[in-house]
Asker: 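Okay, here's the structure, questions in a sec.
This chain uses plain numbering: 1 for the first residue, then up along the sequence. Since we're looking at a predicted model, the values are computed, not measured.
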Amino acid sequence: IEKMGGITLSTGKTLWEYYQTYQGPFLEALYIMERNGCGVDLGFIDNAIKNVAKRVEEVEYCIAKVIGRPLKWPLPDLLGSTQQLGTLLYDERKLRCMRYTNGEECGTCRRKITARDKNGCPRHPNDMPVKSRSTDDKALAPHVARGDVLCQQILIWRGLQMRDKEMRRIKDAHIPATGRVHTGYNAGGAGTGRLSSSDPFNLQNLSNPNKLLGLDFNARDAFVADPGNTFIDYDESQVEPRVWAHLSGDPTMVSAFCSGSDFHTMTARAVYGLACSDAEVKTLHKDKRSRAKEGNLADTYGATARTVANALGCPVPEAEHFQTSKRIAFPRAYKFLNERVAFARKHGYVETIGGWRAWVPDINHDTEYRRAEGERRAQNYAIQGSAAFILQVAIMKILGVGHYANEKAERLRELGTKLSIQVHDELAGETPAGTEDEASGIIRGFMERPFDQELRVPLVAEEGRGRSWGSAK
């Protein structure tokens with residue numbers, strides 16, 4: 001341990017000094033957030049569960065009608081079985097299988113073949129095994145796009161089952177003694193340094209509203225502020241592109257962010273050749289900006305043109321044009337990504353803005369797909385890890401832990417402001433009614449200016465307020 005603690009990082013700090021400066025105080029901050037917990041509306045959850053159950057009945061009735069079987073027939077068993085569902089979709093209804101798994105099954109009875117079946121299917125030992133047919137969401141999505149009602153209803157049924165389990169997990173996590181739920185945060189849960197949460201459930205994976213499910217609630221609405229308090233939510237707007245601009249020094253991105261533009265508007269202007277102001281892009285060319293946003297979300301570090309094409313629903317050449325246009329518009333930014341890959345090949349890791357080393361073991365792997373995954377991670381870790389570090393420093397200053405103690409953090413404690421939720425680039429909690437403006441000024445100040453030395457581009461924290469997390473978001 002002493003030997004590891006003496007390792008010197010690029011920032012000049014030893015590993016032990018890094019722990020004392022950042023990791024140690026951050027663990028204390030996480031403990032405070034876990035202890036604070038978040039209130040839940042049990043009445044809302046009970047109503048949500050009832051609404052889901054009602055929708056499940058409606059969907060199961062529709063599925064039974066489409067396949068011509070009685071409603072009392074065990075539909076959940078069919079819909080939950082890959083083998084039975086595959087037989088229904090691909091054998092009875094003659095749909096084309098669009099996706100296969102790595103497993104094998106009998107070509108006659110479709111029984112799954114396991115490692116114990118050394119001679120193939122026991123019932124049909126002379127038949128050659130075939131690849132197992134997938135019935136997951138990606139396998140059914142092309143049929144939904146073509147208007148297949150059964151596949152669409154199956155996806156809706158699955159979504160409803162997930163919502164039901166989600167609401168029940170939140171209810172089971174409620175502790176009567178405190179009247180709140182207390183999630184556990186994992187500081188080392190991701191290679192980038194981003195937080196993950198668990199025990200009793202993962203806040204990072206809460207579902208988003210989906211109109212297709214026919215539900216009128218948001219899972220975040222289950223989390224509420226105490227009576228007399230207001231739920232407050234802050235989101236670091238486009239923090240990863242901003243960090244990318246800072247680290248790479250790309251003049252186009254830096255200039256645009258400093259003038260108040262955003263990454264999706266920049267992309268729309270580059271891809272579609274728009275020679276107009278930001279306001280005109282967001283109004284006159286709103287559809288193109290939305291399409292640029294969809295493309296940006298898919299075109300993450302190292303993404304292929306096919307990945308972008310699937311997200312945009314366009315031909316691969318159009319997706320290639322999308323990616324090429326961005327590379328031409330932001331050459332220094334993409335040069336920076338290539339430099340991170342080269343650095344990782346030489347050293348086996350990349351560093352974040354705070355000096356944290358994120359290891360990339362597959363960067364020099366003999367297998368092409370493993371090596372490509374390593375390259376993607378090298379690009380991702382440098383930027384996403386830096387974004388995570390920025391938010392960590394902000395949290396420590398807001399809570400005033402360890403040597404980050406400050407007068408503003410003390411003032412937040414006097415106001416009664418509490419932080420309890422950190423998801424991706426988002427920070428949320430509650431504060432007594434009437435203190436929102438003062439608390440907001442302090443929290444946004446730390447989130448937008450976490451370091452003594454300014455970044456090349458401004459950080460922007462978007463604020464929301466409400467009775468619940470959903471209404472604040």
Asker: Supply the atom-to-atom distance Ile353 CD1 to Ile383 CD1, rounded to the nearest 0.5 angstrom.
Answerer: 11.0 Å
Asker: Among Tyr381, Phe336, Tyr349, exactly one meets ring-ring contact (aromatic ring centres under 6.0 Å, His included) together with Phe343. Which residue is that?
Answerer: Tyr349
Asker: Mind checking side-chain contact (heavy atoms from CB on, under 4.5 Å) for Asp137 and listing every partner two or more places apart, or none if nothing turns up?
Answerer: Leu155, Arg158
Asker: For side chain to side chain contact (heavy atoms under 4.5 Å, CB included), just list the numbers for Val56 and Gln161, CA-CA rounded to whole Å, side-chain angles, deciding distance to a tenth of an Å, and then say yes or no.
Answerer: CA-CA 8 Å; Val56 168; Gln161 297 299 318; 3.8 Å; yes
Asker: If I compare all heavy atoms of Val254 with all of Arg456, which pair ends up nearest, and what's the gap?
Answerer: CG1-O, 3.9 Å
Asker: What I want to find out is whether Glu57 reaches Lys54 closely enough, with some N-O distance under 4.0 Å, to be called a salt bridge.
Answerer: no
Asker: Can you give me the closest heavy-atom contact between Pro450 and Leu459, atom names plus distance?
Answerer: CD-CD1, 3.9 Å
Asker: What orientation do Trp469 and Phe231 show, parallel under 30°, tilted 30 to 60°, or perpendicular over 60°?
Answerer: parallel
Asker: How would you list, by chain and number, every residue that makes a side-chain contact (heavy atoms from CB on, under 4.5 Å) with Ile49, sequence neighbours excluded?
Answerer: Ile45, Asp164, Met167, Arg168
Asker: With rounding to the nearest 0.5 Å, note down the distance linking CE in Met253 to CE in Met266.
Answerer: 5.5 Å
Asker: Can we call the ring centroids of Tyr18 and Tyr22 under 6.0 Å apart?
Answerer: yes
Asker: Considering non-hydrogen atoms only, spot the tightest contact between Ala219 and Ser207 and give its length.
Answerer: CB-OG, 4.0 Å
Asker: Give a yes or no on this: more than 12 heavy atoms of other residues, nucleotides or ligands lie within 6.0 Å of atom CZ of Arg327.
Answerer: yes
Asker: Quick one: pull up CG in Leu337 and CZ in Arg376 and give me the separation to the nearest 0.5 Å.
Answerer: 12.5 Å
Asker: Is there a salt bridge (Lys or Arg N to Asp or Glu O under 4.0 Å) between Asp262 and Lys293? Walk through the geometry before answering.
Answerer: CA-CA 10 Å; Asp262 66 87; Lys293 181 177 180 179; over 6 Å; no
Asker: Any chance you could lay out the side chain to side chain donor-acceptor pair (under 3.5 Å) test for Trp356 and Gln392, step after step, and finish with the verdict?
Answerer: CA-CA 12 Å; Trp356 175 259; Gln392 288 175 10; over 6 Å; no
Asker: Where the side chain of Tyr234 meets the backbone of Gly429, is there a donor-acceptor pair that is under 3.5 Å apart?
Answerer: no
Asker: Could you pull out the closest heavy-atom pair between Ala387 and Glu240, with the gap in Å?
Answerer: CB-CG, 4.0 Å
Asker: Which value, rounded to the nearest 0.5 Å, describes the distance between Cys62 atom SG and Ile156 atom CD1?
Answerer: 8.0 Å
Asker: Evaluate whether atom NZ of Lys282 has more than 12 neighbouring non-hydrogen atoms of other residues, nucleotides or ligands under 6.0 angstrom away.
Answerer: yes
Asker: Give a yes or no answer on whether the side chain of Glu339 reaches the backbone of Ser248 with a donor-acceptor pair at less than 3.5 Å.
Answerer: no
Asker: Specify the closest pair of heavy atoms between Ser420 and Tyr185, including all atoms of both residues, with the distance to one decimal.
Answerer: O-OH, 2.8 Å
Asker: Going through the distances and angles, do Arg269 and His285 end up as a side chain to side chain contact (heavy atoms under 4.5 Å, CB included)?
Answerer: CA-CA 10 Å; Arg269 191 179 286 117; His285 303 284; over 6 Å; no
Asker: Measure the shortest side-chain to side-chain distance between Leu391 and Val239 over non-hydrogen atoms and say whether it is less than 4.5 angstrom.
Answerer: no
Asker: List the residues meeting side-chain contact (heavy atoms from CB on, under 4.5 Å) with Glu92, not counting sequence neighbours, and say none if there are none.
Answerer: Arg69, Thr87, Leu88
Asker: Are the side chain of Glu34 and the backbone N or O of Gly184 linked by a donor-acceptor pair below 3.5 Å?
Answerer: no
Asker: Heavy atoms only: give me the nearest Phe223-Cys38 pair and the separation to one decimal.
Answerer: CB-SG, 3.8 Å
Asker: Yes or no on salt bridge (Lys or Arg N to Asp or Glu O under 4.0 Å) for Arg169 and Glu166, after CA distance, side-chain angles and deciding distance?
Answerer: CA-CA 5 Å; Arg169 280 200 301 266; Glu166 182 176 68; 5.3 Å; no
Asker: Could you verify whether a donor N or O on one side chain and an acceptor N or O on the other, from Thr265 and Arg289, lie under 3.5 Å apart?
Answerer: yes
Asker: Is it the case that the side chain of Asp425 and the backbone of Asp235 share a donor-acceptor pair, with hydrogens and angles ignored and the cut-off at 3.5 Å?
Answerer: no
Asker: Take Thr267 and Lys288 through the side chain to side chain contact (heavy atoms under 4.5 Å, CB included) test and state the conclusion after the steps.
Answerer: CA-CA 10 Å; Thr267 302; Lys288 293 181 179 178; over 6 Å; no
Asker: Determine whether a donor-acceptor pair (N or O, by modelled atom type, separation under 3.5 Å) exists between the side chain of Glu318 and the backbone of Pro315.
Answerer: no
Asker: Where do Arg291 and Phe322 land on the side chain to side chain contact (heavy atoms under 4.5 Å, CB included) test, with the steps shown first?
Answerer: CA-CA 10 Å; Arg291 193 161 178 79; Phe322 181 92; over 6 Å; no
Asker: Quick check: does any side chain N or O of Ser134 sit under 3.5 Å from a backbone N or O of Ala139, one acting as donor and the other as acceptor?
Answerer: no
Asker: Once you round to the nearest 0.5 Å, how far does CG of Asn310 lie from NZ of Lys138?
Answerer: 9.0 Å
Asker: Output the distance between atom CG (Asp250) and atom NZ (Lys335), rounded to the nearest 0.5 Å.
Answerer: 11.5 Å
